[in-house]
Amino acid sequence: SPAARSDRGDMARTRANDYDKKRMGILSRSARLFAQHGFTGTSITMIADACGVSKALMYHYYDSKDDVLFDVLSDHLKHLVAVVETAARSSADARERLIAIATVLLDAYRGADAEHQVQISSLKLLAPAQQDVLKEMERRLVSVVSDAIADALPSVAKKHDQLKPLTMSLFGMLNWHYLWFRDGKGMTREAYARMATGLVLAGAEDAIADIENAGKAPKRSGAKVKTE
């Protein structure tokens, strides 16, 4: 009957929602364990214990520890790409777009220190095919930020040998903030996003000019000894 089919549909959706909720719990706890003990130092048994489930139930969700790690990083990177792409469309002003991108990245890192640390330390431990999927998302992140810097600094837009170091310098300031930043103490995330962006934009042209001038400096020839 229609009523029976409806009941079965509701039960299926409930099971699906419960499955997704438990899966997210597994990934969150796994990320913390990977960050604390390292990927190689964490076992499926440790993950199951942290989640309060049996090892057998863990295998209902994941076939291997590698698959857990892949999903930890995949979910994290998908979220970063989504918020960054949205921020890249947020303003007509190029500088404000870049600030918006930096701000949403720092906000997305909130509560995700473990995932971020695991991304840096353990992505390289996955199989090449899994690495390729994740690295493509990383490249997308870099591309969005690089394009935003190029829009804000037209003078370096076509200088790829300079644009990449600028892009990675901004990522460096944002990606490693978790080592010292504490919410509620001192500067806000938005304020730091503005500072990091400002340092890159304000100093880029002078730094590039300095590099170019250094490259043009005449080389001193060695002193010649006059002989008779």
Side-chain angles (χ1 to χ4, degrees), residues 20 22-53 55 58-59 61-85 87 101-146 149 164-183 185-187 189 192-193 195-197 199-200:
D20 289 341
K22 287 182 178 178
R23 173 184 164 278
M24 294 305 296
I26 289 170
L27 296 183
S28 178
R29 290 175 177 85
S30 297
R32 290 196 291 270
L33 288 171
F34 292 152
Q36 182 179 358
H37 302 287
F39 177 67
T40 56
T42 302
S43 67
I44 284 287
T45 300
M46 290 169 65
I47 296 172
D49 289 345
C51 295
V53 300
K55 188 175 179 180
M58 268 296 302
Y59 284 114
Y61 289 89
Y62 287 102
D63 292 333
S64 70
K65 190 174 65 171
D66 288 47
D67 290 341
V68 177
L69 176 59
F70 177 80
D71 267 12
V72 166
L73 298 182
S74 178
D75 282 17
H76 179 58
L77 287 168
K78 282 178 182 176
H79 177 58
L80 296 183
V81 170
V83 297
V84 161
E85 287 182 337
I101 289 170
T103 301
V104 298
L105 267 177
L106 287 179
D107 193 56
Y109 292 158
R110 189 194 308 270
D113 287 351
E115 288 83 353
H116 187 59
Q117 185 177 337
V118 172
Q119 177 192 345
I120 294 169
S121 65
S122 301
L123 188 155
K124 63 182 178 288
L125 301 178
L126 288 170
Q130 290 178 314
Q131 287 189 45
D132 288 345
V133 173
L134 300 174
K135 287 178 179 179
E136 182 59 34
M137 286 187 269
E138 288 183 331
R139 284 191 288 269
R140 178 56 186 158
L141 279 174
V142 171
S143 176
V144 173
V145 174
S146 181
I149 292 176
K164 184 174 181 179
L166 282 175
T167 302
M168 302 317 293
S169 294
L170 180 56
F171 269 112
M173 286 188 278
L174 300 177
N175 286 354
W176 293 97
H177 85 292
Y178 76 94
L179 293 174
W180 59 267
F181 186 90
R182 297 295 179 269
D183 280 311
K185 294 184 179 180
M187 190 175 289
R189 288 172 186 266
Y192 181 60
M195 174 183 278
T197 303
L199 286 170
V200 169

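Side-chain atoms are counted along with the backbone in the values below, which use heavy atoms only and exclude waters and symmetry mates. This structure is a prediction, so every number in the text was calculated from the model and none was measured.
- Under the 3.5 Å distance criterion, the side-chain polar atoms of Lys22 are left unmatched by any main-chain donor or acceptor of Tyr61.
- Residues that satisfy the side-chain contact (heavy atoms from CB on, under 4.5 Å) test with Val133, not counting sequence neighbours, are Phe70, Met137.
- Contact between Cys51 and Gly25 at its shortest, heavy atoms only, is SG-O, 4.4 Å.
- Legend: residues meeting salt bridge (Lys or Arg N to Asp or Glu O under 4.0 Å) with Arg23, ordered by chain and number and at least two apart, are Asp71, Asp75.
- The CG atom of Asp66 sits 8.5 Å away from atom CG of Leu125, with the distance rounded to the nearest 0.5 Å.
- Every residue two or more places apart in sequence or in another chain that forms a ring pair (Phe, Tyr, Trp, His ring centres under 6.0 Å) with His116 is listed here: Tyr109, Tyr178.
- Counting only residues at least two apart or in different chains, salt bridge (charged side-chain N to carboxylate O under 4.0 Å, His left out) contacts with residues 125-139 comprise Glu136-Arg139.
- A side-chain hydrogen bond (donor to acceptor under 3.5 Å, both in side chains) check over residues 32-45, counting only residues at least two apart or in different chains, returns the pairs Ser28-Arg32.
- The side-chain heavy atoms of Ile44 and Tyr59, taken from C-beta on, include a pair separated by under 4.5 Å.
- Remark: Asp107 engages Arg110 in a salt bridge (Lys or Arg N to Asp or Glu O under 4.0 Å) (not counting sequence neighbours).
- Taken to the nearest 0.5 Å, the CG atom of Leu126 stands 10.5 Å off from the NZ atom of Lys65.
- Scanning for side-chain contact (heavy atoms from CB on, under 4.5 Å) contacts around Ser30 gives Ile26, Phe34, Ile47, Val68, Val72, with sequence neighbours left out.
- Across Ala108 and Leu80, no two heavy atoms sit closer than the pair CB-CD2, 3.5 Å.
- In this structure Phe171 satisfies the ring pair (Phe, Tyr, Trp, His ring centres under 6.0 Å) test with no other residue, sequence neighbours excluded.
- Annotation: the span from Leu174 atom CG to Leu105 atom CG amounts to 6.0 Å, rounded to 0.5 Å.
- The heavy-atom pair separating Leu123 from Leu134 by the smallest distance is CD1-CB, 3.8 Å.
- The minimum heavy-atom distance between Lys124 and Gln131, with the atom names listed, is O-NE2, 3.0 Å.
- Judged as a side-chain contact (heavy atoms from CB on, under 4.5 Å), and not counting sequence neighbours, the contacts of Val200 are Leu166, Leu170, Met173.
- No side-chain heavy atom of Thr197 sits less than 4.5 Å from a side-chain heavy atom of Tyr192.
- Residues satisfying the side-chain contact (heavy atoms from CB on, under 4.5 Å) criterion with Val144, sequence neighbours excluded, are Val84, Glu85, Ala88, Ile101, Arg140.
- Residues passing the salt bridge (Lys or Arg N to Asp or Glu O under 4.0 Å) test with Arg189, sequence neighbours excluded: Asp183.
- Judged by distance alone, the side chain of Ser64 and the main-chain N or O of Asp67 form a donor-acceptor pair under 3.5 Å.
- Applying the ring pair (Phe, Tyr, Trp, His ring centres under 6.0 Å) test to Phe181 and every residue at least two apart in sequence or in another chain returns His177.
- With hydrogens and angles ignored, the 3.5 Å screen pairs a side-chain donor or acceptor of Gln117 with a backbone N or O of Ala35.
- Remark: the backbone N or O of Leu73 is not paired with any side-chain donor or acceptor of Gln119 at under 3.5 angstrom.
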